[in-house]
Protein chains: 2
Amino acid sequence: MAGPRASVAAHEVLAVIFQVRQQRLSVLLWRRARPPYEGAWVLPGGRLGATEGLDESIRRQLAQKVDVRDLTHLEQLETRGDPERHPADRTLATSYLGLVPADTDPATPEDTAWHPAPDPPPMGFDHAAIMRAGRRRLRAKLSYTNIGFALAPREFTMSELSGYYRAALGHDVAATNLRRVLLRRGQIEETGESVPSGRSGGRPAALFRFRARELEITDAFAVLRPPSRE
Amino acid sequence: MAGPRASVAAHEVLAVIFQVRQQRLSVLLWRRARPPYEGAWVLPGGRLGATEGLDESIRRQLAQKVDVRDLTHLEQLETRGDPERHPADRTLATSYLGLVPADTDPATPEDTAWHPAPDPPPMGFDHAAIMRAGRRRLRAKLSYTNIGFALAPREFTMSELSGYYRAALGHDVAATNLRRVLLRRGQIEETGESVPSGRSGGRPAALFRFRARELEITDAFAVLRPPSRE
DNA sequence: TCAAAAGTGTTCCATCTACACCCATGT
DNA sequence: ACATGGGTGTAGATGGAACACTTTTGA
């Protein structure tokens, strides 16, 4: 009945930080300075402190180590504990998905860089798989939540917003329909302002904002919804 | 720049095991024999072994401790690491969602029992919150995946199946529409057999089975789907 | 022949995509 | 004027809910 002897594994927290940069979904990676996987790129993070909560820890590490403080969204992704995932010591890793709005440019240190999420450089450990899990999560949530608020600046035109969606989803998103879908769902509203057209002319674009800046599920029960009348 | 001293927290794995029993969604709980939370109900689980993976560990503990071996589905839920979640020592917990089909009756030991998931007894630690997370996950996945296969026996009539859905979702599910939805999505198929009607008469019910017995997403892109033509 | 349970046909409705067309602005 | 980009109107497609009706059985 007694199981194997209890583990005192190290625990680390990691973050998949996405931002839309130049129309592409980008992920913040860190270059490893020492073995194992020296020279490979890894997700930012580090050891869980003795008295920290998990969320607290990843926020601290992002602030201290890669100077990312203005996350608009952060949620837990998954925990990996395969004994083989770290070649030397046993290490469990809890990963997070974090989003940075497109209009900020966090001053990240020398050894970190933004990489295209669809086509990342060689990554150490199981971090490539974790990053893919983050992308899947983001894509799924764009469909049924208001998570777009975390990718977009506070105010934006519809064509800008459709650019963020396109980058994150990996396929075209028609601004004209996106506008109606998000308006109907009550996710966005017009600010009343508009942006003067550029040098090539065109009608000035209206400015929108997300009505909430916290994650909300706006399209639950896409199917198998409860009966409308009791 | 240096963070707090690294933690050597204990790590445990827990499982939210659901089964539909007598038309109700039920969760398998364990009665704690010693403090803290002596006498309260908790999720089954235990310490992660030094050389085990997380999935491996929860499977082992369920088999050893509550004699649950025939899980049709198991997936990771979340990891909690709040320093306050365990009154004495620091303990991280990774939880899983596990499903047992309605036609099995695992022989569980004395100190465990099935409880109604919507109305559980007082639970220790943060286990009530974890259980709710499991319910939410199950409900959501019933909507867009074939996860019903894990609640239902291998073969079933549509009215039985709608009973499992009703129990898990907490609202009525019309067998007639469920049939068409799941057929259209290719989740289920007729076996060709049928069940003789009971003593009160009625047309014999056709038997169905799920076509796959692994989780598949059958209704991704409910919205914001990629353009059909390039 | 009647009640009961399963299954089918059909209508309605919500919601998304596609696309033609209209609007406001710069050159 | 006309090119350019934004915005509106609308038709079509999809897919699920509701519900009346039909089918098949037992008593």
ask   = Can B/Arg21 and B/Gln19 be counted as having a side-chain donor-acceptor contact under 3.5 angstrom?
value =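 Looking only at side-chain atoms, B/Gln19 and B/Arg21 do form a donor-acceptor pair, the distance falling under 3.5 Å.
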
inquiry  = Whether the B/His115 and B/Ser26 side chains hold a donor-acceptor pair (N or O, under 3.5 Å, no angle test) is what I'd like checked.
reply    =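 The criterion, which ignores hydrogens and geometry beyond distance, is not satisfied for B/Ser26 and B/His115.
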
When all nucleic acid strands are considered with a 4.0 Å heavy-atom cut-off, which category describes [X]: base, sugar-phosphate, or nothing?
X        : result
B/Arg180 : base
A/Ala175 : nothing
B/Ala174 : nothing
B/Ser194 : nothing

Which one, [options], comes nearest to the side chain of [X]?
X        : options               : result
B/Arg203 : C/dC16, C/dA4, C/dA6  : C/dA6
A/Asn177 : D/dG16, C/dG7, C/dA18 : C/dA18
B/Val181 : D/dG7, C/dA4, D/dA17  : D/dA17
B/Ala205 : C/dA6, C/dC16, D/dG7  : C/dA6
B/Ser197 : C/dA24, C/dG7, D/dG26 : D/dG26
A/Pro204 : D/dC19, C/dT25, D/dG6 : C/dT25
A/Thr176 : D/dG5, D/dT8, D/dT25  : D/dT8

message = Using five base pairs at each end to define the local axes, how bent is the helix from C/dT1-D/dA27 to C/dT27-D/dA1, to the nearest 10°?
response = 20°

How many Å lie between [atom1] on [X] and [atom2] on [N], as a whole number?
X        : N      : atom1 : atom2 : value
B/Glu160 : C/dG7  : CD    : P     : 11 Å
B/Arg166 : D/dA17 : CZ    : P     : 14 Å
A/Leu178 : C/dA18 : CG    : C1'   : 15 Å
B/Arg179 : C/dG9  : CZ    : P     : 10 Å

Result block: side-chain N/O donor-acceptor pairs under 3.5 angstrom for residues 147-162 of chain A, not counting sequence neighbours:
{"residue": "A/Thr157", "atom": "OG1", "partner": "A/Glu160", "partner atom": "N", "Å": "3.2"}
{"residue": "A/Glu160", "atom": "OE1", "partner": "A/Thr157", "partner atom": "N", "Å": "3.1"}
{"residue": "A/Ser162", "atom": "OG", "partner": "A/Ser159", "partner atom": "O", "Å": "3.2"}

query = Judged by atom type as modelled, is there a donor-acceptor pair below 3.5 Å linking the side chain of A/Thr145 to the main-chain atoms of A/Leu142?
reply =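 Looks like no, no N/O pair under 3.5 Å.
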
inquiry  = Between B/Ser159 and C/dA6, is there a contact of a side-chain N or O with OP1 or OP2 at under 4.0 Å?
reply    = yes

ask   = Should B/Arg184 be listed as having a side-chain N or O under 4.0 Å from OP1 or OP2 of D/dT14?
value =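 So the side chain of B/Arg184 is outside the cut-off, no N or O lying under 4.0 Å from OP1 or OP2 of D/dT14.
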
